[in-house]
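Chain A is the first sequence line, chain B the second, and so forth, proteins listed ahead of strands; every chain is numbered from 1.
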Amino acid sequence: MNYDFKTIEAKWQKYWAENQTFKASSPDPSKEGENIKPKFYVLDMFPYPSGAGLHVGHPLGYIASDIYARYKRHQGFNVLHPMGYDSFGLPAEQYAIQTGQHPAITTKTNINRYREQLDKIGFSFDWSREVRTSNPDYYKWTQWIFIQLFNSWYNNDTNKAEDISTLIALFEKEGNANVNAVSDEDILVFTADEWSAFDTKKQQELLLQYRLTYLAETEVNWCPALGTVLANDEIINGVSERGGHSVIRKKMTQWSMRISAYAQRLLDDLNTIDWPQPLKDSQTNWIGRSQGASVTFNVIASEAKQSHQIDVFTTRPDTIFGVSFMTLAPEHELVATITTPEQKQEVEAYIQATAKRSERERMADVKTISGAFTGAYAEHPFTKEPIPIWIGDYVLAGYGTGAVMSVPCGDQRDYDFAKHFNIPIPNIFEGVDISEEAFADKDKTVIANSDFLNGLPYKKAMKLAIYELEKIGHGKGKINYRLRDAVFSRQRYWGEPFPVYYVDGMPQMIDAKHLPITLPEVEKYLPTETGEPPLGNANVWAWCTKENKVVDNSEINNETVFPLELNTMPGWAGSSFYFNRYMDPNNTDAIFSDDAINYWQDVDLYIGGSEHATGHLLYARFWQKFLFDKGVVPKNEFAKKLINQGMITGTSAFVYRLVLTGNFGKNQEVETFHSEFYVSKGYTDLVLTDGNVVKKLKKQIGELYNDEKFSKDSILGVAQIHADVSFVNASDELDIEAFKNWRPEYKNAIFIGENGEVIDGDNDKYIVGREVEKMSKSKYNVVSPDSICEEYGADSLRLYEMFLGPLEQSKPWNTAGITGTHGFLKKLWRLYLDDDGAKFTEAAPTKDNLKTLHKTIKKVAEDIENFSFNTSVSTFMICVNELSTQKCTSKEILEALAILVSPYAPHIAEELWQQLGHTTSIATAPFPKFDASHLVESSKEYPVSFNGKMRFKLELPLDLSKEEIEATVMTHEKTIAQLQGREPKKVIVVPGKIINIVG
RNA sequence: GCUCGAGUGGUGGAAUUGGUAGACACGUUGGACUUAAAAUCCAAUGGACAUUAGUCCGUAUGGGUUCAAGUCCCAUCUCGAGUACCA
């Protein structure tokens with residue numbers, strides 16, 4: 001029997017599907033007290049089903065998680081290993097705009113293709129739990145969570161989200177003066193009586209300032225080309241992540257999520273989860289906590305003007321006496337008010353100039369110092385001296401208060417600004433020279449020229465400064481976060497509709513029992529002519545409060561029928577809780593049952609890419625914490641352990657085309673391609689010095705080039721052209737015919753091979769050049785898993801992807817190497833079966849057999865626990881090589897080996913398991929138990945080193961003492977030869993490890 | 001600029017607490033089998049010198065600690081990722 005992977009893999013994939021082998025059992029509370037299996041939840045980041053399908057890089061993480069899931073099943077766990085689709089998104093919508101095809105159709109087609117590809121790789125997913133974020137059954141719960149957020153506020157005293165009713169009760173009882181909540185800034189302070197006197201609309205307006213999701217006029221990142229708002233993490237280097245379009249700031253009324261309420265908890269709880277440090281670091285940076293003080297400066301009132309105050313945030317309140325000016329962002333709201341008539345022209349000109357520059361230009365051009373003096377002065381809170389107020393674009397409107405107290409001696413930016421505009425730079429540091437640059441080293445700081453702070457180091461000075469500021473009512477200690485509230489509205493069609501209608505301009509939630517509010521049909525997927533989002537095109541998009549359903553727009557009367565929200569939710573909405581929904585995905589009455597969430601709790605292992613560090617993974621943590629506060633989920637964090645798989649890059653193949661001048665260049669009928677060898681060695685010289693080649697060239701080209709014309713000068717250069725990697729074999733040799741068929745414009749091209757021969761049949765080989773690049777269609781280096789499965793089988797693919805290198809590392813794909821793991825599987829097969837059938841016997845295993853097996857059990861179990869899958873593949877290879885050499889036929893050994901291999905290569909393992917006589921799936925067969933007694937050695941081959949260099953090996957019994965070993969070694973003939981009569985200074989003996997002789 | 005990670009044969013990579021550097025594969029070369037090819041099997045394969053025995057060099061570079069360093073420490077270089085006027 002040969003290893004017929006095609007039949008085997010199809011057979012077992014069918015078996016698993018029919019028998020629902022990987023269906024996670026649901027907890028049955030009636031069985032409480034009985035022996036219920038412990039749970040284990042292994043999750044992959046669900047994919048967005050793009051039209052391009054999967055390439056070999058995509059399944060890497062899925063294979064790793066699948067191995068882990070299968071391993072856990074062998075260990076007796078009830079494993080939840082689901083898969084689904086993050087199926088709302090921009091590509092389907094853009095395709096709809098171009099073709100008119102409904103995004104739901106595109107999405108469905110793509111999902112089917114994904115499923116087909118995934119099925120071929122033999123994953124142990126529980127498909128009965130599949131979720132799709134674009135299904136109304138699913139986004140019903142996305143809308144439900146939105147309503148919960150709307151009905152909640154964040155209480156800083158209890159440090160958690162609470163129902164809005166508790167806030168209303170507080171307002172009714174005592175007003176809002178003492179409410180310690182996370183809210184908008186500058187909230188009207190009112191008493192209980194005032195609250196009761198407000199009309200409903202006013203009350204709603206006020207409550208909106210406290211809700212965890214709220215409507216606010218915010219400055220957003222507007223992308224005109226995409227016609228939508230983008231979140232900060234969707235902008236890379238000032239342009240949109242998708243398409244690279246420019247982004248401008250624009251004021252719009254938008255839904256926002258008060259994620260800032262959770263900033264500290266999101267930061268603190270990073271310590272409680274086992275996630276990669278770089279990912280934690282980037283979340284930490286993104287949250288950007290800085291500790292310092294907020295300081296209030298009074299603007300010195302001039303004549304008719306009323307007094308104003310400027311709040312600044314600083315991390316260096318200890319340097320308060322070093323302030324020699326203040327700088328406001330050009331967009332700061334006080335700029336217009338405080339600017340003196342004399343300076344008005346200059347300031348306005350400057351503001352205009354800055355507004356013209358895009359965000360990107362401002363970022364790119366950090367070096368140029370610019371600004372303008374407002375003519376106004378602020379009063380120093382301690383010295384009462386006047387401080388000039390400037391504006392400058394190095395101060396960002398979006399961070400802190402958009403204003404800074406400038407301390408040029410302690411901050412390089414302030415220093416540069418002061419130098420540029422000839423503002424004094426007072427020195428408030430003891431023994432520091434600031435004539436060249438600012439001094440920013442906190443640890444070495446000793447304050448001087450600063451009244452009550454003199455002589456103090458940074459920390460003490462900071463505390464005292466804050467204390468004194470509080471005493472005079474000019475400031476207080478403050479913690480500032482970079483993390484902004486997240487804009488939650490998108491002007492798109494293909495997303496979750498909000499369960500929101502508007503009465504008198506105020507948002508109203510539709511009662512949860514009427515969910516889902518499904519997406520309406522539209523004729524065009526573009527924004528309307530009046531600039532409204534695509535849902536503005538819908539005709540049936542109004543809410544009837546009588547019938548509690550969506551009705552035709554014509555019925556809107558603003559009494560019982562009201563307009564619905566036109567925005568949709570962003571991509572991250574649906575992906576922020578899907579891991580919980582998998583626990584009970586078909587529940588129509590609740591997001592999940594109590595039994596399900598109490599049993600499954602949280603994700604034990606989450607595998608996915610690091611690109612989601614500050615997007616999905618931050619928002620999902622936020623929603624989890626909110627749901628935790630509301631008592632919906634039992635865990636504060638949704639994933640205990642997370643692993644980022646690395647990217648698989650492509651290995652592009654290149655051919656090298658001679659670019660010729662003059663007459664040669666004009667006539668493109670004949671092209672010349674040179675082998676990589678020629679290019680790397682200096683092709684022009686070789687071509688023209690090797691008479692043979694020139695002669696052959698001329699003969700081939702015939703009349704086209706005559707002797708005189710063809711010279712070295714005719715060659716302009718060499719063009720690198722991508723060749724499709726499928727035309728290249730394991731030895732980097734190009735299939736020239738295939739290349740010519742693919743690129744007919746080169747059908748008359750001449751190929752010069754490795755040895756300088758003009759290729760004609762088998763006389764020479766054409767070797768392509770190789771380069772590692774991102775896997776992409778345009779580089780013709782995409783390898784699809786389907787073609788690999790077709791040629792080598794899913795088990796070979798799975799093993800090879802793991803064998804490539806450490807899971808978390810990025811590594812290049814090269815199809816050539818797969819013959820290694822494929823060959824291994826054939827060898828494995830032959831250990832069990834040959835042409836005559838079964839080879840295994842009931843024979844007792846030999847000592848060597850047992851040693852090999854248990855060595856393998858130990859290593860493989862350790863490797864899986866450490867996610868070191870690449871090394872366990874080589875361990876399998878070593879094991880099979882050894883057992884083959886030992887001619888092992890023992891069924892006992894081979895059964896255990898089949899189980900060991902099965903997480904990695906499940907199809908062949910199932911088949912061998914059946915051949916061994918089993919009638920049930922190998923999936924839950926207990927993992928072999930490691931027995932250390934088989935590995936006990938009685939002797940060790942010691943490496944004997946002289947001055948640290950290994951010279952020879954010596955087999956010695958392990959029970960020898962140090963002294964005995966030394967005595968034996970020193971009398972050994974090779975030792976004597978090495979020493980050549982010298983007396984060793986020292987002999988180091990580490991029993992069981994090494995012997996080192998010094999001297 | 002800052003933060004983090006990494007640099008080992010022709011290639012992917014191994015070396016888990018400092019203890020035989022290059023496991024396991026790919027590729028290459030040679031051989032067996034075959035009419036031939038494929039498949040399979042065997043052998044060699046870090047570099048230099050040497051007939052052999054063997055010697056020297058070698059984990060980005062330069063130092064250091066140690067009986068012993070790919071592994072620890074210091075400095076430098078290169079590459080990758082993230083982030084960026086964050087007050």
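At a threshold of 4.0 Å, the pair A/E882-A/K855 counts as salt-bridged, since one of the basic side-chain nitrogens sits closer than that to a carboxylate oxygen. Ion pairing between A/R830 and A/D834 fails under the 4.0 Å rule for side-chain N and carboxylate O.
Of all heavy-atom pairs spanning A/V404 and A/Y394, the tightest one is CG2-OH, 4.4 Å. Between A/H380 and A/I320, the closest heavy-atom pair is NE2-O, 2.7 Å.
Here the separation of B/U52 from B/U59, taken at their P atoms, is 26 Å to the nearest Å. Taking the C1' atom of each, B/G58 and B/U3 are spaced 33 Å apart, rounded to whole Å. Remark: the separation of the P atoms in B/C4 and B/C57 is 37 Å, to the nearest Å. Taking atom P on both nucleotides, B/C72 is separated from B/A15 by 14 Å, rounded to a whole Å. Between the C1' atoms of B/U17 and B/G70, the separation comes to 16 Å (whole Å). With C1' as the reference atom, B/A23 and B/A39 are 27 Å apart, rounded to whole Å. The gap from the P atom of B/G18 to that of B/C73 amounts to 11 Å, rounded to the nearest Å. One P atom belongs to B/U8, the other to B/G80, and the distance between them is 14 Å to the nearest Å.
A ring-centre distance under 6.0 Å is found for A/F325 and A/F417. When ring centroids are compared, A/F876 and A/Y904 come within the 6.0 Å threshold.
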If a protein heavy atom is under 4.0 Å from the base, mark B; if only from the sugar-phosphate, S; if neither, -; do that for nucleotides 36-46 of chain B going 5' to 3'. ---SSS-----
B/S/- along nucleotides 7-23 of chain B (protein heavy atoms under 4.0 Å) is -----BSS-B--BB--B
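Put simply, OH on A/Y458 is 12 Å from C1' on B/A87, counting in whole angstrom units. Between A/Q645 atom CD and B/A81 atom P there is a gap of 16 Å when expressed in whole angstrom units. When rounded to the nearest whole Å, the span between CE of A/M647 and P of B/G80 equals 12 Å. The CD-C1' distance, from A/Q412 to B/C85, rounds to 12 Å in whole Å. Rounded to whole Å, the distance from CG on A/L483 to P on B/U83 is 14 Å. With rounding to whole Å, A/I767 atom CD1 is found 11 Å from B/G27 atom C1'. If you measure from atom CD of A/E611 to atom P of B/G82, you get 10 Å, rounded to the nearest angstrom. In this structure, A/Y800 atom OH and B/C24 atom P are separated by 17 Å, rounded to whole Å.
Of the side-chain N and O atoms in A/R951, none sit less than 4.0 angstrom from OP1 or OP2 of B/A53. A close approach under 4.0 Å does not occur between any side-chain nitrogen or oxygen of A/N285 and OP1 or OP2 of B/C86. The side chain of A/R482 contributes no N or O atom lying less than 4.0 Å from OP1 or OP2 of B/U83.
In RNA chain B, runs of at least 3 stacked Watson-Crick or G-U pairs (N1-N3 plus N6-O4 or O6-N4, or N1-O2 plus O6-N3, all under 3.5 Å) give these stems: B:1-7 with B:77-83, B:10-12 with B:24-26, B:27-32 with B:40-45, B:46-49 with B:54-57, B:60-64 with B:72-76.
No engagement by A/R289 is indicated, since no non-hydrogen atom pair under 4.0 Å with the nucleic acid exists.
With a 4.5 Å cut-off on side-chain heavy atoms, A/L642 and A/L279 count as touching. Side-chain contact between A/F297 and A/Q309: absent, with no pair of heavy atoms (C-beta onward) separated by less than 4.5 Å. Proximity of A/T875 to A/D863: side-chain heavy atoms (C-beta onward) are separated by under 4.5 Å at one or more points.
Note that NZ of A/K419 and CG of A/D414 are 14.0 Å apart. Values are rounded to the nearest 0.5 Å.
Residue A/S282 has its side chain nearest to B/G82 when only B/C86, B/G82, B/C24 are considered.
No side-chain donor-acceptor contact under 3.5 Å links A/Q283 to the backbone of A/L267. Remark: the backbone N or O of A/F727 is not paired with any side-chain donor or acceptor of A/D735 at under 3.5 angstrom.
Taking the O4'-C1'-N9-C4 or O4'-C1'-N1-C2 dihedral as appropriate, B/G9 has a value within 90° of 0 and is therefore syn.
Of the residues A/I63, A/L807, A/V860, the one that meets the side chain to side chain contact (heavy atoms under 4.5 Å, CB included) test with A/F869 is A/L807.
When the nearest nucleotides of RNA chain B are assigned to A/G817 and A/K986 by heavy-atom distance, the more 5′-ward of the two goes with A/G817. If you find the closest nucleotide of RNA chain B to A/G402 and to A/P278, the one lying nearer the 5' end belongs to A/P278.
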